[in-house]
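Read the numbers this way: they start at 1 and go in the same order the structure lists the ligands and their atoms. Computed over heavy atoms, backbone and side chain alike; hydrogens, waters and symmetry mates excluded.
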Amino acid sequence: MLDIDRLRADFPILDERAHDQPLIYFDNAATTQKPRAVIEAQSQYYRHSNANVHRASHYLSSRATEAFEQARHNVARFIGAASPREIIWTRGATEAINLVAHSYGRSQLGSGDLILVSTLEHHANIVPWQLLAEQVGARIEAIPLLDDGSLDPIAYRQLLQQNPRLVALTHASNALGTLNPVAEMTRAAQGVGAKVLIDGAQSTPHLAIDVQALGCDFFVFSGHKVFGPTGIGALWARESLLEAMPPWQAGGEMIEHVSFASTRFAGLPFKFEAGTPNIAGVIGLNAAIGYLQQLDRQAIEAHEMQLLNRALALCSEIPGFRPVGQAAQRVSLMSFCIDGLHQQDIGLMLDQHGIAVRAGHHCAMPLMQRLGLPGTLRASFAFYNTLEEVERFAAVLGQIVREQTRRPPQHSAVSVAD
Ligand code: PMP
């Protein structure tokens, strides 16, 4: 049994008030809140260990370097990597995808090559491939979506018959919550010789990840979505693949020897880490995964699903409520519209009640075009959210909708009064 109150006490921001109401934070797909362990690890680092890493032969620098490299070990273990040499620090999922597009993409893809993405992708897993395609003359196709918000498996198999060189696929959709069967999709893609990149930005916060079980070639995620700091994330790829890839950014840290005639690059993982890294970010991310690893992740998954199911059940009684995306496999995120009302207006009205949700296209414009919607409202849950918060949210939403549409009041189990 999860003790949610005890977990909530680890997150100081959850005590904040917004517009003089208790904060209800349902924008976890955009970024998650940080436990005290993360805030304190960063503060401790700056108070006691701040120095540049891998450089000086002094006490503080070795302490910073040790913590920095220990974090790489821990992140490797967190996602099931075979070695810390396979973990490349990046600013986040976006930068990790850009790294692969620049390094792997430019060196391995050429004219006429096919890159498959899916209709569910975040812009971060579309635009880098478009820039690459323009540069090397490759082409891009999108795996179509079924009406329930899952990807069309038959169309996917047909697209694979065109022998794509690369398949770039989100594990979980940030806009609909759909959880893609990525292990199975990866095997199918590799069967026709494609490399597979999995965007784990939205799965890592909810599920235990094992990149070797997924079988993919590249996996990316962002620290700030797994309760860690902003500005830090990671790329994982198998060592042999990373060894064969050229560097992308150049500068200090990523070299072994430089002369004006030529440069010899450093080995893994430093070859891909030019310049002074986000040391405090790495320290904070390490604390975040340490925090997550001591939780019962199965119990968390079950609690998050309970939040989602309760939200769907309560909201389905609100007149005009239309959930968007009903795939059988999903993470705890509810995307929806209210007939006749604009999602931005509802988002602003919920905010007046202290409830933070996201309204808009969620950086997935091609998906919204496919759905024929300008955007949706999105309530995205984390383990520190409670059933009481979900009930208050549904009651407030119901009240807003009734006020805006002047529909007769419906019975509600929860009072919206403070
Ligand atoms: N992919 C997905 C599915 C996302 O949800 C996000 C962030 N919303 C990203 C990629 C990009 O992550 P970041 O902005 O942290 O680089």
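In this structure, atom 5 (O) of ligand 1 lies nearest to the protein heavy atom Gln202 NE2, 2.7 Å. Shortest contact from atom 4 (C) of ligand 1 to any protein heavy atom: His122 CD2, 3.4 Å. The nearest heavy-atom contact from the protein to atom 16 (O) of ligand 1 is Thr94 OG1, 2.6 Å. Shortest contact from atom 1 (N) of ligand 1 to any protein heavy atom: Asp199 OD2, 2.5 Å.
By the 4.5 Å heavy-atom criterion applied to side chains, Met185 and Val167 are not counted as neighbours. Residues Leu377 and Ser335 have side chains not in contact (no heavy-atom distance under 4.5 Å, counting atoms from C-beta outward).
Comparing Ser222, Gly92, Gly231 against atom 13 (P) of ligand 1, the shortest heavy-atom distance belongs to Ser222.
Of the possible donor and acceptor atoms, one in the side chain of Asn180 sits under 3.5 Å from a partner among the backbone N and O of Thr170. Panel note: side chain Arg378, backbone Ala175; no donor-acceptor pair is recorded below 3.5 Å. Looking at Gln190, its side chain does come within 3.5 Å of a backbone N or O of Gly215 through a donor-acceptor pair.
Residues meeting the salt bridge (Lys or Arg N to Asp or Glu O under 4.0 Å) test with Arg187, sequence neighbours left out: none.
Ligand 1 places these atoms under 4.0 Å from at least one heavy atom of Thr170: 3 (C).
Distances shorter than 4.0 angstrom do not occur between any heavy atom of Asn125 and any atom of ligand 1. At a 4.0 Å cut-off, at least one heavy atom of Lys225 sits close enough to ligand 1 to count as contact.
Aromatic ring centres of Tyr291 and Phe227: separated by at least 6.0 Å.
Residue His224 has at least one nitrogen or oxygen atom sitting less than 3.5 Å from a nitrogen or oxygen atom of ligand 1, judged on distance alone.
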